[in-house]
Amino acid sequence: MLTLLNKFKYIFILLCGFTPLATSPFASKEAWQQYQSQFWPTTYGVLSDVAITYFEKGGYLRLIYVYNLNDELHVRQIEERVNKSYKLNVVKPRWNGYLIGQHIKVFYSPTQPDVSF
């Protein structure tokens with residue numbers, strides 16, 4: 001027979017232990033879609049605009065790419081921001097590799113073709 005203290009201990013473990021696991025995929029819809037996108041169909045798109053801004057302790061990247069599915073054009077904008085100078089040193093080589101007109105692989109949602117990564 002469980003004592004009252006043990007009952008509370010088990011309830012606490014259940015609530016605190018399983019709650020983050022149960023809610024983590026829903027914490028960010030975009031993060032969950034990014035995870036799911038690895039299983040989505042792919043196509044190729046073209047970068048139509050690249051904007052990179054560097055400032056004292058960080059930077060900002062905005063990419064706009066276009067991809068065609070079933071003769072329908074889809075446009076997607078992605079933004080990435082870095083607020084620490086040490087992180088900027090990590091992303092800067094990748095950011096500088098983006099060029100307008102560059103072909104990129106696009107993972108798109110089979111149920112919502114406008115959602116892509």
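These values consider heavy atoms only, across backbone and side chains, with no hydrogens, waters or symmetry-generated copies.
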Please report the C-alpha distance between N83 and R81 in whole Å, then the side-chain angles of each, then the deciding distance to 0.1 Å, and finally whether the side chain to side chain contact (heavy atoms under 4.5 Å, CB included) criterion is met.
CA-CA 7 Å; N83 295 320; R81 191 177 305 264; 3.8 Å; yes

Identify every side-chain donor-acceptor pair in residues 102-117 under 3.5 Å, counting partners at least two apart or on other chains, and give the distances.
from	atom 1	to	atom 2	distance (Å)
Q102	OE1	L99	N	2.9
S109	OG	T111	N	3.3
S109	OG	T111	OG1	3.2
S109	OG	Q112	N	3.1
D114	OD1	H74	ND1	2.4
S116	OG	Y65	OH	2.8
S116	OG	Y67	OH	3.2

Can you list every pair that meets salt bridge (charged side-chain N to carboxylate O under 4.0 Å, His left out) and has a residue in residues 35-47, with sequence neighbours left out?
none

Give me each pair satisfying salt bridge (charged side-chain N to carboxylate O under 4.0 Å, His left out) with a member in residues 33-46, each pair once, sequence neighbours excluded.
none

Taking only distance into account, with no hydrogens and no angle test, what donor-acceptor pairs under 3.5 Å do side-chain atoms of residues 52-64 form with protein atoms, sequence neighbours excluded?
from	atom 1	to	atom 2	distance (Å)
Y54	OH	N96	OD1	2.8
Y60	OH	E79	OE2	3.2
R62	NH2	D49	OD2	2.2

For the student: nearest non-hydrogen atoms of S48 and V66, plus distance
OG-CG2, 3.8 Å

Taking only residues two or more places apart in sequence, or in another chain, which ones meet W95 in a side-chain hydrogen bond (donor to acceptor under 3.5 Å, both in side chains)?
E80

